[in-house]
Amino acid sequence: MTDEIDFVNGFKIKRHDPWYRIVIGKVYHWIMKLMFGFKIRDVDCDFRLIRRNIFDKIDLKRKTGIICVEMITKFHQADLRFVEVGVNHYNREYGCSQFFNFSRLLRTFIDLFKLWWEIIFLYSIKEKSSKGINYDKKIKVKNSGVIRLQFYNDFSDGNLVIGESEKNVPFEIRRIYYINNLLNSNAIRGEHAHKKLKQIIFCINGSFILELDDGTNKQKITMDNPYYGIKLYAKLWHTMTSFSKDCVVLVLADDYYKEDDYIRDYDKFLEYINKND
Ligand code: T46
């Protein structure tokens, strides 16, 4: 387990079970992959190594065997990083499985459907209610880009969203500031570029339009998804408009406030980038 990894998940190299269990197992995994979109090979392999602190942030509600499905889905939704290791699987020497009877299988599938409804269907509705651009779509202007924050979805108990210096935030954060109380819907903010400053801008509530201009390309982005930030690196003219009343803009910056880093005149900006490109 290295620092870059949050959990290790095993997968059975070869299952030593009667053929019908192998077939049921394969069908089950195929359905699970389809329903829950797993990226791991073997959701039910009980060989796992998981960092303890993950469970301070991820809450598991299930008490039956489908807790594995709930756990791996929530790990994926939180963008946790994982590796997989192959493990040997041996014949059962004693006893027999309590699981393989019709009523248990039926109950499991009903529970799985309820789980899918709660953590996939309702979750995707929440995500899709974001009206803006697909943030993964390529940013066309220079000196920008998208970052995605890690978040833990606790459903009705709220979301916990995390940015860390030099990790998902690609610089050391020296300053944060936020803009709220945007009661004037005609407010225009920004209209400047920076000479050196690196920043990431988020809309953590409500929405606004971010206009980017690198001197050649221009791009408008509807900011309405709190899990994505847009890089505002040096030499990028940026303007913010169309704020919703409940909008809260959060900015992370790699340096302290220095007025002489601002270029507040558009012609001077063009002159500056021509000289410094
Ligand atoms: C940016 C966009 C996204 C300070 O004294 N310290 C600070 O850290 C900041 C950010 C501002 N100020 C002062 C400077 C001005 O007298 O606060 C006043 C308002 O700043 P400004 O008109 O630059 O605000 P915005 O919203 O147009 O721009 C701000 C940031 O200043 C800027 O760096 O990229 O948000």
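First listed ligand is number 1; within each ligand, the first listed atom is number 1. Counting from 1, the numbers follow the sequence of the chain as shown.
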Legend entry - Test item: side-chain donor near acceptor, D246 and S244, under 3.5 Å: yes

Legend entry - Shortest protein heavy-atom distance from atom 28 (O) of ligand 1, along with the residue and atom involved: H192 CE1, 3.2 Å

Legend entry - Atom indices of ligand 1, in the order listed, that fall short of 4.0 Å to a heavy atom of H238: 1 (C), 2 (C), 3 (C), 34 (O)

Legend entry - Atom indices of ligand 1 within 4.0 angstrom of Q199 heavy atoms, with elements: 1 (C), 33 (O), 34 (O)

Legend entry - Cationic tip of K198 above Y233 ring, under 6.0 Å, 45° of axis: yes

Legend entry - Evaluation steps, side-chain hydrogen bond (donor to acceptor under 3.5 Å, both in side chains), between N53 and D56: CA-CA 5 Å; N53 66 356; D56 294 337; 6.0 Å; no

Legend entry - Contact check: H194 vs ligand 1, nitrogen or oxygen atoms, below 3.5 angstrom: yes

Legend entry - Verify atom 25 (P) of ligand 1: protein non-hydrogen atom under 4.0 angstrom away: yes

Inset, instruction - Mind checking side chain to side chain contact (heavy atoms under 4.5 Å, CB included) for D42 and listing every partner two or more places apart, or none if nothing turns up? - result: F11, K12, H29, D44, C45

Inset, instruction - Quick one: sort the F82 and H76 rings into parallel, tilted or perpendicular, breaks at 30° and 60°. - result: tilted

Legend entry - Heavy-atom check, side chain of V161 versus side chain of I204, under 4.5 Å: no

Inset, instruction - Give a yes or no on whether the backbone of I147 and the side-chain of K231 come within a donor-acceptor separation of less than 3.5 Å. - result: no

Legend entry - Proximity flag M240 to ligand 1, non-hydrogen atoms under 4.0 Å: yes

Legend entry - atom 35 (O) of ligand 1: the protein heavy-atom neighbour that sits closest, reported with distance to 0.1 Å: Y177 OH, 3.2 Å

Inset, instruction - For ligand 1, find out whether one of its N or O atoms is nearer than 3.5 Å to an N or O atom of E259. - result: no

Legend entry - Basic-acidic side-chain contact under 4.0 Å: D255, R174: yes

Inset, instruction - Would you please classify the geometry between the F269 ring and the Y266 ring as parallel, tilted or perpendicular, with 30° and 60° separating the classes? - result: tilted

Legend entry - Residue and atom name of the nearest protein heavy atom (relative to atom 7 (C) of ligand 1), distance in Å to one decimal: R175 NH1, 3.3 Å

Legend entry - Taking atom 12 (N) of ligand 1 as the reference point, the nearest protein heavy atom with its distance: Y257 CE1, 3.7 Å

Inset, instruction - Measure the distance from atom 19 (C) of ligand 1 to every protein heavy atom, then report the residue, atom name and distance (to 0.1 Å) of the closest one. - result: R189 NH2, 4.2 Å

Inset, instruction - Using modelled atom types only, decide if a donor and an acceptor are shared between the side chain of K235 and the backbone of Y272 within a distance under 3.5 Å. - result: no

Legend entry - Proximal ligand 1 atoms for R264, defined as those under 4.0 Å from one of its heavy atoms: 22 (O), 23 (O)

Legend entry - Protein contact for atom 16 (O) of ligand 1 (heavy atom, distance under 4.0 Å): no

Inset, instruction - Can you pull out the closest protein heavy atom to atom 31 (O) of ligand 1? Residue, atom name and distance to 0.1 Å, please. - result: Y262 OH, 2.5 Å

Inset, instruction - Can you sort out which atoms of ligand 1 are near I179, meaning under 4.0 Å from one of its heavy atoms? - result: 26 (O)

Legend entry - N or O pair under 3.5 Å between G190 and ligand 1: yes

